[in-house]
*Asks:* 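First, the structure itself, so that you have it in front of you.
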2 protein chains.
Amino acid sequence: MRYSEDHKARTRQRIIREAAERFRRDGVDATGLQTLMKALGLTHGGFYAHFKSKDELVEIALQEAAGQLGEVSERLFASDDPLDAFIDSYLSAEHRAGPGRGCPLPTISAELGARGHASPTTDAVVRERLEMIEKNLPAEHAREQGVALLASLVGALVLSRSVADEELSDRILGDTRAYLKRQVKEESPA
Amino acid sequence: MRYSEDHKARTRQRIIREAAERFRRDGVDATGLQTLMKALGLTHGGFYAHFKSKDELVEIALQEAAGQLGEVSERLFASDDPLDAFIDSYLSAEHRAGPGRGCPLPTISAELGARGHASPTTDAVVRERLEMIEKNLPAEHAREQGVALLASLVGALVLSRSVADEELSDRILGDTRAYLKRQVKEESPA
DNA sequence: TGTACATCAGTGAACGCGCGTTCACTGATGTAC
DNA sequence: TGTACATCAGTGAACGCGCGTTCACTGATGTAC
């Protein structure tokens, strides 16, 4: 069966998008290539016509996820109150419930790092995220505050997904949200 | 072979301690029962004389890890500057390098939560940790600040272990440490 | 216009491997007589 | 004191399963003549 010129490229893209979702939602280790390909109506053997190994796909999917997040955040950072919008979005119930469409830092990067496979792509994601945040902070303690702010966001999301009690989970998101927004306002008295 | 009266109980404890270390260091999924038992000079078949399933051991090992952390933090919180000591210890290079002996929240709990297996034990660990922190914060915003502080600690550790560049990793720990300590001081003017 | 051939994305069986779990068994010891 | 038996922590082969990876193959299409 011959296919249109860009057919293979489009299949490759479909695999990457599906992987980016599943790696974030179910975990890298827990996502089998067989299941992944089947979900796209393909068989697992064809995988290696597109990627050298699962590890290569992990790296590419992490970049894809980061790119998706970058687009979303750029929209948020274009609003009137960029940091508030970003904090609200990051610590929302939607983000907690949809890891497959969310930030890869608390999911893919955390899993890779925990296994001792820290990926350079994670560095790029972290740096990009930090730059966006720091640009919107007043100069004085921007660097330190930027890092601490990102850490709070990632940690609160991880914790909110880890606890079984929904009330506690809501409190983790809500209190962190309130505290961070207050901090950001206090340090930037316009 | 007959054994001393407490022999089985001591073997059980050895399994729990080894599991608590490996689950934190290598991950729950990546730790096979065969490897775990072999590391103790035992064979894997005997595992089920001690535990109903791997899942049961995971729960027990998480409690063990939390208990170990509890002891350490109690010592820290007995010092002159309890919160500073806790922050320094949590965000130290030693804690980053030794997940197997550290806080289970960025490791076991994060992994379980990411797989959608949020464990009630995690709730207990989070609540315990929060109480310790809040007790040492001034009343006004203690609740919100306590949650945000814990989130920062967990997030900074996760991120510092996820990035490949050591300099960036150090910056994540160092800047978060500096910022949090400054925050704690500003909010509690003695 | 008709036929032979090349292309190549995708197929699916097979590989060795480690997983969690089960279970009939071992064998050193303590107890009963 | 000597022998038969019960105990039971630990042994190790076996189960079905899904993993990542390999590879000979398929078959619809475009091209060459």
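None of these values were measured; they are calculated from a predicted model. Below, chain A is the first sequence line, B the second, and so on; all start at residue 1.
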*Asks:* Using atom NZ of A:K8 as one end and atom C1' of C:dT11 as the other, report the distance to the nearest whole Å.
*Replies:* 15 Å
*Asks:* Measuring from atom CZ of B:R24 to atom CG of B:L105, what distance do you get when rounded to the nearest 0.5 angstrom?
*Replies:* 11.0 Å
*Asks:* Just to verify, which of A:R14, A:R17, A:R22 counts as forming a salt bridge (Lys or Arg N to Asp or Glu O under 4.0 Å) with A:E64?
*Replies:* A:R17
*Asks:* What is the separation between atom CZ on B:F51 and atom P on D:dA9, rounded to the nearest whole Å?
*Replies:* 13 Å
*Asks:* Of the nucleotides D:dT11, D:dT21, C:dA9, which has the atom closest to the A:K54 side chain?
*Replies:* D:dT21
*Asks:* Could you check how far CG of A:L33 sits from P of D:dC17, rounded to whole Å?
*Replies:* 20 Å
*Asks:* Should A:T11 be listed as having a side-chain N or O under 4.0 Å from OP1 or OP2 of C:dG10?
*Replies:* yes
*Asks:* Over how many whole Å does the gap from A:M37 atom CE to D:dC19 atom P extend?
*Replies:* 13 Å
*Asks:* Considering residues, nucleotides and ligands other than A:E56, do more than 12 of their heavy atoms fall under 6.0 Å from its CD?
*Replies:* yes
*Asks:* Look at the side-chain N and O atoms of B:Y48 and state whether any lies under 4.0 Å from the OP1 or OP2 oxygen of C:dT21.
*Replies:* yes
*Asks:* Consider the side chain of A:L42, meaning its heavy atoms from C-beta on, and name the nucleotide among D:dA14, D:dC19, C:dT11 that approaches it most closely.
*Replies:* C:dT11
*Asks:* Taking 4.0 angstrom as the limit, do B:E134 and B:R143 come out as a salt bridge?
*Replies:* no
*Asks:* Looking at the side chain of B:Q34, which of C:dC19, C:dT22, D:dT11 is the nearest nucleotide?
*Replies:* C:dC19
*Asks:* Report which part of the nucleic acid A:G32 touches: base, sugar-phosphate, or nothing (heavy-atom distance under 4.0 Å, all strands).
*Replies:* sugar-phosphate
*Asks:* Are there runs of at least three consecutive Watson-Crick or G-U pairs touching DNA chain C, with each pair's two distances under 3.5 angstrom? Give them by first number.
*Replies:* C:2-33 with D:2-33
*Asks:* Could you label the plane-to-plane angle of the A:F77 and A:F86 rings as parallel, tilted or perpendicular, counting under 30° as parallel and over 60° as perpendicular?
*Replies:* tilted
*Asks:* Whole angstrom is fine here: how far is it from NE2 in B:H50 over to C1' in C:dT21?
*Replies:* 16 Å
*Asks:* Could you check how far CG of B:D6 sits from C1' of D:dC8, rounded to whole Å?
*Replies:* 15 Å
*Asks:* Do A:D170 and A:R96 sit within salt-bridge range, that is, some charged N less than 4.0 Å from a carboxylate O?
*Replies:* yes
*Asks:* So, is A:T43 close to the C:dA9 phosphate, meaning a side-chain N or O under 4.0 Å from OP1 or OP2?
*Replies:* no
*Asks:* Can you check whether B:H7 has a side-chain N or O nearer than 4.0 Å to OP1 or OP2 of D:dG10?
*Replies:* yes
*Asks:* Give a yes or no on this: more than 12 heavy atoms of other residues, nucleotides or ligands lie within 6.0 Å of atom CZ of A:R101.
*Replies:* no
*Asks:* What integer distance in Å separates B:H44:NE2 from D:dA9:P?
*Replies:* 18 Å
*Asks:* Would you please confirm or rule out a distance under 4.0 Å between OP1 or OP2 of D:dC19 and any side-chain N or O of A:T35?
*Replies:* yes
*Asks:* Might you confirm whether atom CZ of B:R115 has over 12 heavy atoms from other residues, nucleotides or ligands at distances under 6.0 Å?
*Replies:* yes
*Asks:* Roughly how many Å is it from NZ in A:K52 to C1' in D:dG20, rounded to a whole number?
*Replies:* 14 Å
*Asks:* Taking for each residue the nucleotide of DNA chain D bearing the nearest heavy atom, is the 5' side occupied by A:S53 or by B:A49?
*Replies:* B:A49
